[in-house]
Amino acid sequence: MKKLGFGLMRLPVLDKTDAANVDIEHVKKMVDLFIEKGFTYFDTAWMYNGFASEGVAKAALVDRYPRDSFTLATKLHAGFFDSLEGRDEVFNAQLEKTGAGYFDYYLIHGVESSMLPKYEEFDCFNWLLEKKAQGLVKHAGFSFHDSAELLDEILTKHPEMEFVQLQINYLDWESQWVQSRACYEVAVKHNKPVIVMEPVKGGTLAQVPAEVEKLFKDYDPGLSVPSWAIRFAASLDNVMMVLSGMSNLEQMEDNISNMADFKPLTDEEKELCHKAADIINAQIAVPCTGCSYCTEGCPKKIAIPQYFSLYNEDMRENMEEKGWTVNFTNYDILAGKFGKAKDCLACGKCEGVCPQHLPIIENLKAVSKHFDH
């Protein structure tokens with residue numbers, strides 16, 4: 001397989017306030033282009049795009065292409081079952097929603113210290129192997145958001161897992177929280193192929209500070225800024241696939257142009273990425289990837305990722321000179337449908353599921369101080 005995978009997580013929508021209102025016709029065009037150019041890997045999950053993603057996979061992909069012409073991955077998340085029977089209820093619903101018949105890759109989703117006990121309690125690793133034995137899953141693995149030490153423990157205990165999905169990008173490569181490099185090295189030690197998620201960190205590495213953009217453009221004017229992030233991840237040995245949550249044809253065309261005939265980064269180019277990371281890390285306010293795991297259980301329905309995105313944009317502006325930006329209007333529009341940042345109850349549900357382990361409650365206080373009036 002070519003190394004670029006289509007992440008069905010940030011799909012184009014007809015209503016920006018409703019993630020489930022997916023523009024199916026646009027997605028069909030994206031799927032057609034992706035397959036036409038020889039790419040075959042599609043990644044979805046139960047809760048993506050407001051629980052609509054697996055159904056979109058059926059409408060845009062499964063119903064329109066022979067089953068052996070593409071590779072489909074989906075996942076079991078701890079937040080959506082509470083019994084042994086519940087695992088099968090989710091799995092069977094996924095088979096129905098996708099119409100796929102079987103899954104080429106199936107992942108225990110978002111494994112970390114807070115969720116691992118539940119996965120172990122309900123014997124999910126062995127359960128997944130049973131699905132494989134039944135021919136309903138071709139390859140068994142898990143996605144992971146925690147320390148390299150915990151990853152080492154899990155792979156030692158569960159050597160039967162065939163692959164691991166990790167968050168890897170040049171911004172998080174040396175992060176003490178995400179530990180991209182350290183986790184990657186553990187996977188290599190256990191000889192497990194790696195699927196990369198968040199290579200562009202939820203769009204953060206597509207909209208970089210002007211200084212970083214100049215750094216890349218001075219080196220090669222023909223390469224787009226996000227292509228550096230995709231290529232950084234794909235250049236790593238042991239990486240079998242790099243997922244990109246593409247939201248429109250333009251993003252897909254750019255990724256395809258750089259990955260159709262992929263060439264790994266040179267040592268000089270890798271150093272350029274590390275230099276870019278140093279610049280960005282010095283400027284970013286809230287390193288949110290926009291995965292939206294935090295929003296599903298929020299009792300006040302606060303649009304947490306969207307507010308963080310607006311806040312980050314304003315923090316990059318010279319607010320002393322401007323005083324007001326269009327982000328204040330955008331905040332008010334969102335606040336008309338969702339809870340405001342100041343409505344946060346500090347219940348902590350969001351922080352319990354955040355893959356980035358962000359102090360969301362404190363960050364919402366900063367957002368409220370900036371936008372609420």
Determine whether more than 12 heavy atoms belonging to other residues, nucleotides or ligands lie under 6.0 Å from atom CD of Glu121. yes
Contacts of type side-chain contact (heavy atoms from CB on, under 4.5 Å), residue Glu185, not counting sequence neighbours: Arg181
Considering residues at least two apart in sequence or located in another chain, which fulfil the side-chain contact (heavy atoms from CB on, under 4.5 Å) criterion with Leu33? Glu36, Lys37, Leu249, Met252, Glu253, Ile256
Applying side-chain contact (heavy atoms from CB on, under 4.5 Å), name anything that partners Ser224, two or more places apart in sequence or on another chain. Pro226, Ser227, Asp254, Asn258
Looking at Thr295, is its backbone amide N or carbonyl O close enough to the side chain of Ser292 to form a donor-acceptor pair, meaning the two atoms are under 3.5 Å apart? no
Less than 3.5 Å apart, which donor and acceptor atoms pair up between the side chains of residues 131-139 and the rest of the protein, not counting sequence neighbours?
unit_1, atom_1, unit_2, atom_2, d
Lys131, NZ, Asp88, OD1, 2.6
Lys132, NZ, Glu162, OE1, 3.3
Lys132, NZ, Glu162, OE2, 3.0
His139, ND1, Glu162, OE1, 3.2

ring-ring contact (aromatic ring centres under 6.0 Å, His included) partners of Tyr102, counting only residues at least two apart: none
Using side-chain contact (heavy atoms from CB on, under 4.5 Å) as the criterion, list what pairs up with Ala19, not counting sequence neighbours. Asn49
Through direct or indirect side-chain contacts below 4.5 angstrom among Ile, Leu, Val, Met, Phe, Trp and Tyr, which residues connect to Phe163? Met1, Tyr41, Tyr105, Leu107, Ile195, Met240, Met241, Leu243
Indicate yes or no: does Glu211 engage Lys214 in a salt bridge with an N to O separation below 4.0 Å. no
Phe70: which residues meet the ring-ring contact (aromatic ring centres under 6.0 Å, His included) condition with it, sequence neighbours left out? none
Sequence neighbours left out, what pairs pass ring-ring contact (aromatic ring centres under 6.0 Å, His included) with at least one residue falling in residues 2-28? Phe6-Phe34, Phe6-Phe42
Only pairs at least two apart or in different chains count here, so list each ring-ring contact (aromatic ring centres under 6.0 Å, His included) that has a residue in residues 140-160. Phe125-His158
Distance-only criterion, 3.5 Å: show the donor-acceptor pairs between side-chain atoms of residues 333-349 and protein atoms not counting sequence neighbours.
unit_1, atom_1, unit_2, atom_2, d
Lys337, NZ, Thr17, O, 3.4
Lys337, NZ, Thr17, OG1, 2.9
Asp343, OD2, Lys340, N, 2.8

Set of residues satisfying salt bridge (Lys or Arg N to Asp or Glu O under 4.0 Å) with respect to Lys157, sequence neighbours excluded: Glu120
